[in-house]
Amino acid sequence: MNSNEIEIHKELKKYFGFSQFKGLQEQVITSILDEKNTFVIMPTGGGKSLCYQLPALIQEGTAIVVSPLIALMKNQVDAIRSLSSENGIAHVLNSSLTKTEIAQVKKDITSGLTKLLYVAPESLTKEEYVAFLQSVPISFVAIDEAHCISEWGHDFRPEYRNLRNIIKQLGKVPIIGLTATATPKVQEDILKNLDMADANTFKASFNRPNLYYEVRTKTKNIESDIIRFIKQHKGKSGIIYCLSRKKVESIAEVLQVNGISAVPYHAGLDAKTRAKHQDMFLMEDVDVVVATIAFGMGIDKPDVRFVIHHDIPKSLESYYQETGRAGRDGGEGHCLAYYSYKDVEKLEKFMSGKPVAEQEIGFALLQEVVAYAETSMSRRKFLLHYFGEEFDSETGEGADMDDNVRNPKHKVEAKDQVVKLLEIVRDTKHIYKSKEIVFTLIGRINAVIKAHKTDAQPYFGSGSDHDEKYWMALLRQVLVSGYLSKDIETYGVIKITKAGLDFIKKPVSFMMSEDHEYTEADDETIVTGGKSSGTADEVLTGMLRELRKKVAKKLGVPPFVVFQDPSIEDMALKYPITIQELYNIHGVGEGKAKKYGSEFVALISRYVEDNDIIRPDDLVVKSTGVNSANKLYIIQNIDRKLSLNDIASAKGLTMDALIKEMEQIVYSGTKLNIKYWLDDILDDDQQEEIHDYFMESESDKIEDALKEFDGDYDIDELRLMRIKFISEVAN
């Protein structure tokens, strides 16, 4: 080591108590001490803040740190004050200070005591502050969370755009930009906006080999899946992210009712409650925080063991940052996301009110999330490629740590299709984004294709032997393999690379994984809360179906009247052996359990004993009783023969939602007599005709009934008749 190196190692030990730097820290610090513009891209947990804290502490003057979050600044200031006997070593300058406090800050800076001054970007625009800072020595300006500068970042803040102009007013000071997440596009944007193309750039690897990535289909039964997952990780800390405050509250409640210590966290709670819940989590008084993305900024809890995304995030940067809160100590970290395309459509709806430019960016970022969720290649490789990093999925560290690698999908040879795809990108002259390229292949016309007259080309439709899904999946995999690239300037336009041109000349084998099929649980299963996502015991399922057939035959009713399929599957997952336990099976309420349950629990009980099965006693998901008030209201007012329209409007429900509630009531064994309502819509013969249909039908699916009657009855009439039928025949 030369004397300079020895010096900074001594300071590292003195202030932070470490004898060794981590990763790129030392090179970054040397660059800052040499007064060079510096750009640092370092994943969360990589020790990013030390990169500017240490040089600030050992240099002359005050370092200004621009940060977007007041809470984050406060944490950091507290941390630095704990390293020194002087409170004034670090200060915050933002809108929350009183006049007296501001005077104290200025005094400490002027006297040379303050080494780090944390400011919000808004504070820097105040002329009085700028004038003051011009009069004191500044060592450098560090811009934390620098991705906030870029509209392509996941957390764009317009006030960040103006930072460069303000910094120029402070004279010639070096700038340090730091971010924990940035795609090549965002990196370029940051450097351009801060006017520091000459910056020394340091980029740490984004690979977190200890994190296990998994995506599951989001079914109607997501809550019991989450509870099961948490109970398998008993006593471990975890975070569950939801998009809305309402969801945060309801999931936290369900967890508490089911014996999991959890608290909610979102911007709608008052500051005191938020701080209390955050501390409870940090001090391990609770295991789980259910939060909107407001939570976790600057949370330095090293032993978060799982991060669950109840809703898919808006961008892969957000996803990477949020999952990055797991396993910071290098220990186990399970990242589980639930995906359904309906969520994506919801997010798209949110965006529709925004300015067009913003919408375009939002859609492009969201499409990347969809691609990540649906891909069946190594998720780690996909994610790292997004951040501009190559990953070898054979030998790379953590290569087997994701669901796709552990349960590989079927692969097919796609060499000829890759050539076809590459030729289309080449021949359409690099003007299209992925959608138009796929449309050109399958021969579908849209306005853009028409405008460029691509539909008149001989190759238009040349890939129609495969569908849109196939070509999308192939295009993603070819991108990650480097034969195609996405242009940075016009984000999303697909171009062919040199490797791609070589591939056309001399094709080699290309094994393509088929994309995941994320089919929604169809709406019929809403009645019973959908199919459980655990795997049911198939042998037991078979036995229960046989028994159901026997019971149905004896009673002269169709089998679905006794128990629906999802209920049977749930029994084969949870092994209920008492009538009481049967109440907690999907679509089986007290009435149904008492009426049909005894033979079923007797069979399960024998089966469990004969096969030495360890029953998952923790799979009983209790509900929070929010809906029970609604149910009671509906039952009482149907008894009073109140109009269904009035019942719906009194509870703020649509007709569709009311019918769903009624379906749940009758399918779990309670009688509802709605003949008074049906008599107004259908005459006796019509009612009889539909009744007979259900009596003889193999299934109670509404779409089957719609087909059978071919337009004679509408969907609500059939659903209401099904309610009447189940109520009379089953309950």
Side-chain angles (χ1 to χ4, degrees), residues 4-5 8 11-12 15-16 18 20-59 63-69 72-73 75-76 79-80 115-119 121 138-150 152-157 160 163-164 167 173-208 297-298 300 317 320-321 324-325 328 384 386-389:
N4 264 359
E5 284 175 16
I8 62 172
E11 301 285 355
L12 178 70
Y15 284 108
F16 294 93
F18 303 136
Q20 215 87 51
F21 283 105
K22 220 160 101 177
L24 299 169
Q25 284 176 332
E26 190 168 352
Q27 290 150 274
V28 173
I29 289 167
T30 309
S31 167
I32 295 174
L33 293 173
D34 290 344
E35 300 188 1
K36 297 273 195 330
N37 284 340
T38 307
F39 184 33
V40 183
I41 305 147
M42 195 180 275
T44 312
K48 196 164 47 93
S49 33
L50 189 132
C51 290
Y52 59 80
Q53 286 169 352
L54 188 65
L57 292 168
I58 57 185
Q59 270 181 303
I64 297 173
V65 183
V66 181
S67 170
L69 287 164
L72 204 64
M73 298 187 220
N75 286 357
Q76 295 227 353
I80 295 159
K115 288 295 168 193
L116 285 131
L117 177 68
Y118 284 81
V119 296
I138 303 294
S139 51
F140 58 83
V141 176
I143 298 171
D144 206 359
E145 313 291 341
H147 55 267
C148 293
I149 284 175
S150 171
W152 285 97
H154 60 99
D155 193 15
F156 171 57
R157 312 276 175 111
Y160 258 68
L163 284 172
R164 177 67 212 161
I167 296 167
V173 294
I175 299 178
I176 324 302
L178 304 104
T179 174
T181 152
T183 59
K185 169 84 182 159
V186 172
Q187 292 164 33
E188 195 182 17
D189 226 10
I190 294 170
L191 291 170
K192 215 177 189 165
N193 187 275
L194 289 174
D195 192 14
M196 52 185 228
D198 62 337
N200 290 338
T201 298
F202 299 94
K203 186 174 184 198
S205 167
F206 273 62
N207 187 19
R208 299 277 306 275
M297 292 299 211
D300 265 344
E317 280 100 324
Y320 181 83
Q321 262 213 321
R325 303 202 167 112
R328 293 227 184 139
L384 292 174
Y386 181 74
F387 291 114
E389 189 176 326

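Residue Ser31 holds its OG atom at 4.5 Å from CZ of Phe202, rounded to the nearest 0.5 Å. In this structure, Lys22 NZ and Gln20 CD are separated by 12.5 Å, a value rounded to the nearest 0.5 Å. Rounding to the nearest 0.5 angstrom, the gap separating the OG1 atom in Thr30 from the CG atom in Leu24 is 11.0 Å. The structure places CG of Leu54 at 4.5 Å from CD1 of Ile29, a figure rounded to the nearest 0.5 Å. Taking CG of Leu57 as the reference point, atom CD of Glu11 lies at 8.5 Å (rounded to 0.5 Å). Distance check, rounded to the nearest 0.5 Å: OG of Ser139 to OH of Tyr52 gives 12.5 Å.
Judged purely by distance below 3.5 Å, without hydrogens or angles, the side chains of Tyr386 and Glu317 pair a donor atom with an acceptor atom. Using modelled atom types and a 3.5 Å distance limit, the side chains of Ser205 and Glu389 yield a donor-acceptor pair.
A donor-acceptor distance shorter than 3.5 angstrom exists from the side chain of Arg208 to the backbone of Gly324, with no hydrogens or angles considered. Formation of a donor-acceptor pair under 3.5 Å by the Asn37 side chain with backbone atoms of Ile175 is found in this model.
Using a 4.5 Å heavy-atom cutoff, the side chains of Phe21 and Ile8 are in contact. Put simply, the side chain of Ile41 does not reach to within 4.5 Å of the side chain of Thr181, judged on heavy atoms. When side chains are defined from C-beta on, Ile143 counts as touching Ile167, because their heavy atoms get closer than 4.5 Å. Side chains of Glu145 and Arg157 form no contact here, defined as non-hydrogen atoms less than 4.5 Å apart. Residues Thr38 and Phe140 fail the side-chain proximity criterion, which asks for heavy atoms closer than 4.5 Å. Within the 4.5 Å cutoff, side-chain heavy atoms of Gln76 are placed close to those of Gln53. At least one side-chain heavy atom of Pro121 sits less than 4.5 Å from a side-chain heavy atom of Leu163.
Checking Ile176, Asn200, Thr179 one by one against Phe39, the side-chain contact (heavy atoms from CB on, under 4.5 Å) holds for a single residue, Thr179.
Using cut-offs of 30° and 60° on the angle between ring planes, the pair Phe387 and Phe206 is parallel.
For Cys51 against Gln25, the heavy-atom pair with the smallest separation is SG-CG, 3.9 Å. Scanning both residues, Met73 and Ser67, for their nearest heavy atoms gives CE-O, 3.3 Å. Gln59 and Ile32 get closest at one heavy-atom pair: NE2-O, 4.1 Å. Of all heavy-atom pairs between Tyr160 and Pro68, the closest is OH-CD, 3.2 Å. Counting all heavy atoms, side chain and backbone alike, Gly47 lies closest to Met42 at C-SD, 3.9 Å.
One finds a salt bridge joining Lys48 and Asp144 here, because a Lys/Arg side-chain nitrogen approaches an Asp/Glu carboxylate oxygen to under 4.0 Å.
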From CA spacing to verdict: side-chain contact (heavy atoms from CB on, under 4.5 Å), Ile138, Ile64: CA-CA 7 Å; Ile138 303 294; Ile64 297 173; 3.7 Å; yes
side-chain contact (heavy atoms from CB on, under 4.5 Å) evaluation trace for Phe156 with His147: CA-CA 7 Å; Phe156 171 57; His147 55 267; over 6 Å; no
Pair Asp189-Ile149, side-chain contact (heavy atoms from CB on, under 4.5 Å): steps then yes or no: CA-CA 8 Å; Asp189 226 10; Ile149 284 175; 5.9 Å; no
Ile190 vs Glu188, side-chain contact (heavy atoms from CB on, under 4.5 Å): CA-CA, chis, key distance, verdict: CA-CA 6 Å; Ile190 294 170; Glu188 195 182 17; over 6 Å; no
